[in-house]
Amino acid sequence: MKKISLVALSLAALFFSGCTSKQYFEPKETFSASSVSHSFGSSIVDLSRDGATLKNGQYIGKQGISGIEMGENYRYLSENASYALAANSEGVLKVIDKNTKETVRAIALHVPVVSAGIQNDIITYVLNNNTFGIYEISNNKKIFESRSEETFAIDTRAATPMFIDNLAVMPMLDGKLIIVNPADPENAKVVYISSAKAFNNVMYLSRMDNTMVSATPKTLITLDTEGKNEHRANISEVSIDKGYIYLFTKEGEIKKFNTNLEEIAHNKFKFAHFSASAAFDGKVYALDQQGSLIVLSSDLKKYKIYDLGSVKDPAFITGKKLYKDGDVVELSKLSYN
C-alpha cells in the first residue's frame with residue numbers, strides 16, 4: 001500500500017472541513033405560503049433574462065405560461081406582442097408567430113445565441129463568441145454583424161438587448177454596452193461598465209424614465225444626460241421599482257439606491273444566497289436557495305419570511321408570480337406584516 005503524506009492528509013482535512021462548514025440562512029420564524037400557491041404542471045429547465053424554458057417545451061414569458069411549443073432542444077429567449085424567440089445549441093434562432101404558433105423564420109447564426117431582443121421587425125442578438133448582430137424579419141436578412149473582444153468565461157445570467165426609441169443597446173459579454181442605430185450600424189457608441197477579463201458579461205439592462213440601469217456581476221451603473229454613476233458589489237440580482245434601484249448581493253444584502261446610486265436603505269440576511277429576487281408595487285421579494293422567501297417593505301425595514309421548501313430547479317419571478325419547482329406562488333398576495 002502506498003504511503004499517504006502528512007501534507008496530503010492535511011489538505012484533505014482542510015478540503016472536507018471546508019465542505020462541511022458551509023453555513024446557511026436559518027430564519028428563527030417562517031410562515032406558510034400554501035394558500036397562495038398551486039401547481040402549474042411542469043418544471044423549469046433553463047432561464048433567460050426575460051423568461052424560462054419548461055421541461056414540456058413551453059415557456060414562461062412576461063405574461064406567464066405560454067401554450068407555444070418551441071421544439072425539442074430549444075430554449076426561450078424573449079418575445080414581443082407578435083413573436084417569440086428561441087434558440088438551440090447549434091446556433092439556430094427561431095422566430096415563432098404567437099398567433100399561429102408556427103415558426104416563420106429559422107435563422108442559422110452558426111454560434112449559440114446568448115440573448116436576443118425584438119422590436120417591430122428588428123431582432124438584435126448576442127452570440128457566445130461575443131458577436132452582436134441585427135436581423136430584419138420581413139426581408140429575411142442580416143443587416144449588420146460585428147464581433148467584440150474575446151471573452152474567457154461568462155456568468156450564466158445575460159441581459160437581453162434593449163431598444164430605446166430608434167436605438168438598440170447591446171449587452172456584451174466583455175462588460176460593455178454597444179449602442180447602435182440599425183439604420184446606421186457603423187457608427188456605434190460604446191459604454192464601459194467593467195474591464196474584468198472573466199465573468200464580466202452584462203447581466204442586467206433596463207430603463208427607468210431617462211436613466212439606463214445596467215450591471216455586470218461586479219458593477220452596477222446608471223447612465224443619463226448627467227453622466228455615469230457606479231457601485232461595485234458581488235451582484236446576485238438587480239430590480240427597479242417606483243424610481244428606485246434594488247441590489248441583491250451574494251452576501252445576503254439588499255440595498256436600495258436612487259438613480260445617482262446613493263444608498264437609501266440597506267438590510268442583510270446572514271448566509272442568505274438568493275436564487276430569485278424582484279421588487280414591484282412597493283414590496284421587495286428575495287428567495288433564498290434553501291427555500292426561505294423574504295418579503296420586505298420598500299424601505300427594507302419590515303419583513304416576513306415564508307418557507308417554500310428547498311429550491312431544486314431554477315426559479316423565476318415574472319408578472320407578480322414566482323415559479324418554483326412546479327409551483328406558482330402569487331407574490332402580490334403575500335405581506336411583510
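Each residue takes its place number in the sequence, starting with 1.
Of the listed residues (H266, K268, K270), just one forms a side chain to side chain donor-acceptor pair (under 3.5 Å) with E253, and that residue is H266. A side-chain contact (heavy atoms from CB on, under 4.5 Å) with Y74 holds for exactly one of I96, V92, T53; it is V92. Tested against L127, the residues V111, L173, V114, L93 include a single side-chain contact (heavy atoms from CB on, under 4.5 Å) partner, V111.
K176 and S148 share a side-chain donor-acceptor pair at under 3.5 Å. Side chain to side chain, R232 and T219 meet the donor-acceptor criterion of an N or O pair below 3.5 Å. Remark: the T131 side chain and the N129 side chain contain an N/O donor-acceptor pair separated by less than 3.5 Å. D50 and T160 share a side-chain donor-acceptor pair at under 3.5 Å.
Nearest approach of P185 to I134, heavy atoms of both residues: CB-CD1, 4.5 Å. Across every non-hydrogen atom of Y83 and D97, the tightest pair is CD2-CA, 4.0 Å. Scanning all heavy atoms of the two residues, the minimum distance from S297 to V284 falls at O-CG2, 4.1 Å. Closest heavy-atom contact between I107 and Y135: CD1-CE2, 3.3 Å. Considering every non-hydrogen atom in both P112 and S89, the closest pair reads CG-O, 3.4 Å. Across all their heavy atoms, S48 and L77 have their closest contact at OG-O, 3.1 Å.
Both the sub-6.0 Å distance and the 45° axial angle are satisfied by K256 relative to the ring of Y244.
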Stepwise side chain to side chain contact (heavy atoms under 4.5 Å, CB included) test for I44 and Y323: CA-CA 8 Å; I44 295 173; Y323 296 85; 4.0 Å; yes
| Given the rule in the side-chain hydrogen bond (donor to acceptor under 3.5 Å, both in side chains) test, do N234 and K218 qualify, once you have shown the distances and angles that lead to the verdict? | CA-CA 5 Å; N234 292 316; K218 294 288 186 180; 2.4 Å; yes
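N73 places no side-chain N or O within 3.5 Å of a backbone atom of N88 that could act as its donor or acceptor partner. In this structure, K283 contributes its side chain and L334 its backbone to a donor-acceptor pair below 3.5 Å. Under a 3.5 Å cut-off, the side chain of S115 and the backbone N or O of A159 do form a donor-acceptor pair. Under a 3.5 Å cut-off, the side chain of S214 and the backbone N or O of Y204 do form a donor-acceptor pair. Formation of a donor-acceptor pair under 3.5 Å by the D165 side chain with backbone atoms of L167 is not found in this model. Using a distance-only test at 3.5 Å, with no hydrogens or angles considered, no donor-acceptor pair links the side chain of N139 to the main chain of K141. Proximity of a side-chain donor or acceptor of R207 to a complementary backbone N or O of D209 within less than 3.5 Å is detected. Of the possible polar contacts, none joining the N260 side chain to the E262 backbone as a donor-acceptor pair under 3.5 Å is found. Of the possible donor and acceptor atoms, none in the side chain of K62 sits under 3.5 Å from a partner among the backbone N and O of E79. The backbone N or O of N181 lies less than 3.5 Å from no partner atom in the side chain of N166, so there is not a single donor-acceptor pair.
Here the CE-CG distance, from M170 to L205, works out to 10.0 Å after rounding to the nearest 0.5 Å. Atoms CG and CD, from L247 and E237 in turn, are 9.5 Å apart once rounded to the nearest 0.5 Å. The CG atom of L322 lies 8.0 Å from the OG atom of S37; values are rounded to the nearest 0.5 Å. Expressed to the nearest 0.5 Å, how far OH of Y59 lies from OG of S78 amounts to 9.5 Å.
Shown here is K142, whose NZ atom has more than 12 heavy atoms of other residues, nucleotides or ligands within 6.0 Å. By the 6.0 Å contact criterion, NZ on K228 is enclosed, its count of non-hydrogen atoms from other residues, nucleotides or ligands being greater than 12. Counted within 6.0 Å of CD on Q63, heavy atoms from surrounding residues, nucleotides or ligands total 12 or fewer; the atom is thus considered open. Within a 6.0 Å sphere centred on CG of N56, other residues, nucleotides and ligands contribute more than 12 heavy atoms. For Y303, the OH atom is loosely surrounded, since the number of other residues' heavy atoms within 6.0 Å does not exceed 12. Shown here is K98, whose NZ atom has more than 12 heavy atoms of other residues, nucleotides or ligands within 6.0 Å. Heavy-atom neighbours of F31 CZ from other residues, nucleotides or ligands within 6.0 Å: above the threshold of 12.
Below 30°, between 30° and 60°, or above 60°: for Y285 and F280 the angle between ring planes is below 30°, a parallel geometry.
Taking hydrophobic clusters as Ile, Leu, Val, Met, Phe, Trp and Tyr residues chained together by side-chain heavy-atom distances below 4.5 Å, I164 shares a cluster with V191. Linking ILVMFWY side-chain heavy atoms closer than 4.5 Å, directly or via other members, places I193 and L261 in two distinct hydrophobic clusters. A single hydrophobic cluster is seen to contain both L287 and V329, as judged by linkage of ILVMFWY side chains at heavy-atom distances under 4.5 Å, directly or through other members.
Between F274 and I254, some side-chain heavy-atom pair lies under the 4.5 Å cut-off. Side-chain atoms of V295 and L293, non-hydrogen and from C-beta on, do get closer than 4.5 Å to each other. Put simply, the side chain of V180 does not reach to within 4.5 Å of the side chain of N187, judged on heavy atoms. When side chains are defined from C-beta on, F40 counts as touching L54, because their heavy atoms get closer than 4.5 Å. Using a 4.5 Å cut-off on side-chain heavy atoms (C-beta onward), N210 and T225 make no contact. Taking 4.5 Å as the limit, some side-chain heavy atom of H231 sits within range of a side-chain heavy atom of K255. Side-chain contact between F316 and I60: present, with at least one pair of heavy atoms (C-beta onward) separated by less than 4.5 Å. Looking only at side-chain heavy atoms (C-beta outward), H273 and K250 stay at 4.5 Å or farther from each other.
A ring-centre distance under 6.0 Å is not found for F132 and Y125.
A salt bridge links R75 to D46: at least one charged side-chain nitrogen sits closer than 4.0 Å to a carboxylate oxygen.
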